[in-house]
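The sequence lines fix the lettering, A, B, ..., with proteins before strands; numbering per chain opens at 1.
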There are 2 protein chains.
Amino acid sequence: MNTLSYGLLALLTANPLTGYELTQGIKPLWRAGHSQIYPLLQSMEEKGFIRHERIEQSDKPDKKIYTITEEGISVLQEWVRLPAEPAVLRDELHFKLYSLWLTEPDEAKALLQRRMEFNRSELQRYNLLIKANEALLDERGETRELKATTFGRYLLLQKRVMAMKASIEFCEWAIGELERSSPPPG
Amino acid sequence: MNTLSYGLLALLTANPLTGYELTQGIKPLWRAGHSQIYPLLQSMEEKGFIRHERIEQSDKPDKKIYTITEEGISVLQEWVRLPAEPAVLRDELHFKLYSLWLTEPDEAKALLQRRMEFNRSELQRYNLLIKANEALLDERGETRELKATTFGRYLLLQKRVMAMKASIEFCEWAIGELERSSPPPG
DNA sequence: CGTGACATGTAACGCGTTACATGATTAA
DNA sequence: TTAATCATGTAACGCGTTACATGTCACG
């Protein structure tokens, strides 16, 4: 049981999902491809933390819908209360900033601008997810459980939004610093 | 040549360093242990991007001081102008936030508080690094090269500072949200 | 007629962490 | 005397990415 395994359990507490849906749904939380996820689902099923139901489909490939078991919920519960390890950030840009003086000022600016545009599109994506989450609550947010899972998603998405905004602010500031240190002609 | 290899080259453009010093110095930029770094130094030396000088010491173990070569600088230069891959963030807290409703409100708050305290200590560490960087410039910041490398470090450290501040703000906000949704007795 | 979504899996390889290995000096 | 700093290396294992593998339907 590694971190990703617990993450899959976390997603399954909200509702039953297929491996394919888990692969899509985990994207804003953790970077993982389907080739990592399918084997973990198999091993968690052997451990009794999840179980699956096979759905035969004629138009699309058959699928397996995974549901978390009572045992799965209780191991997740124990894990959640354990202190969280420090976040690990791996960003090439750190090294590129460090050696920025090796490039032309124009190229340095372009580097930051590309990152800023990517961050802006990510921010937009998170805002859409927040709206979808709120809509879910408005439509059928009656049970205590749905309110609770929606709240968790809300916290998480706000975390991502705040980080993205900070990153965009950094890019804007750094581009300004670059222009101050080598003003463009004109 | 992976990202970490270019990162080591980046550090070596500022001044010659030992593998040990590189292991320490890379910490704010990338997570990597010495067992990753020593083999990369050997392979980069075979490629001709760096070279080393052995220093014999009587009180401490002997050391190897690595210097970047002209060829090393030129491959780094080419790499820096390439677009930076999106940053990868791996944070257990994402999953724990998502399943926060499985814990007692007190434990949920403690989870966020621990992270906030860690972030605050990181912020302090970065502020010290910024001061050290500025001091370096004041003391002997005459050459154009030193000014340039100091500038790169400055940008990078500001990036980390802004990210940490955003993360601290998130924790404060999230603790507030938790208190609002389940007020403490009294 | 090709691309993308749906859907699940395995294999190979590279990257990252932990542990093993050695050994002197210095401060608590 | 125990831990920490300096200093370099290897080995084993686990995690993450890319590629291989298969097949249908819908849309442009």
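- Side-chain heavy atoms closer than 4.5 Å link hydrophobic residues (I, L, V, M, F, W, Y) into clusters, and following such links, even through other members, never connects A:I65 to A:L12.
- Within the model, atoms CG of A:L29 and CZ of A:R153 stand 9.5 Å from one another, a figure rounded to the nearest 0.5 Å.
- Note: OH (B:Y66) to P (D:dA7) measures 14 Å, nearest angstrom.
- Near-neighbour residues of DNA chain D inside residues 41-56 of chain B, defined by a heavy atom below 4.0 Å, number-ordered: B:Q42.
- Checking B:W30, B:F49, B:W79 one by one against B:Y6, the ring pair (Phe, Tyr, Trp, His ring centres under 6.0 Å) holds for a single residue, B:W79.
- Separating the CG atom in B:L123 from the CG atom in B:L128 is a distance of 10.0 Å, to the nearest 0.5 Å.
- B:S43 pairs with exactly one of B:E46, B:E45, B:K47 by the side chain to side chain donor-acceptor pair (under 3.5 Å) rule, that one being B:K47.
- Taking side-chain N and O atoms only, B:Q57 has no distance below 4.0 Å to OP1 or OP2 of D:dC6.
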Walk me through it: do B:T67 and B:E53 pass the test side-chain contact (heavy atoms from CB on, under 4.5 Å)? CA-CA 8 Å; B:T67 310; B:E53 187 196 351; 6.0 Å; no

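- Residue B:Y20 places none of its side-chain N or O atoms closer than 4.0 Å to OP1 or OP2 of D:dT8.
- A donor atom on one side chain and an acceptor atom on the other are not found under 3.5 Å apart for B:R51 and B:Y66.
- B:L129 meets the side-chain contact (heavy atoms from CB on, under 4.5 Å) test with B:P28, B:Y126, B:L157; sequence neighbours excluded.
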Classify every nucleotide of nucleotides 15-25 of chain D by which part a protein heavy atom approaches to under 4.0 Å, writing B for the base, S for the sugar-phosphate alone and - for neither, in 5'-to-3' order. SBBBB---BSS

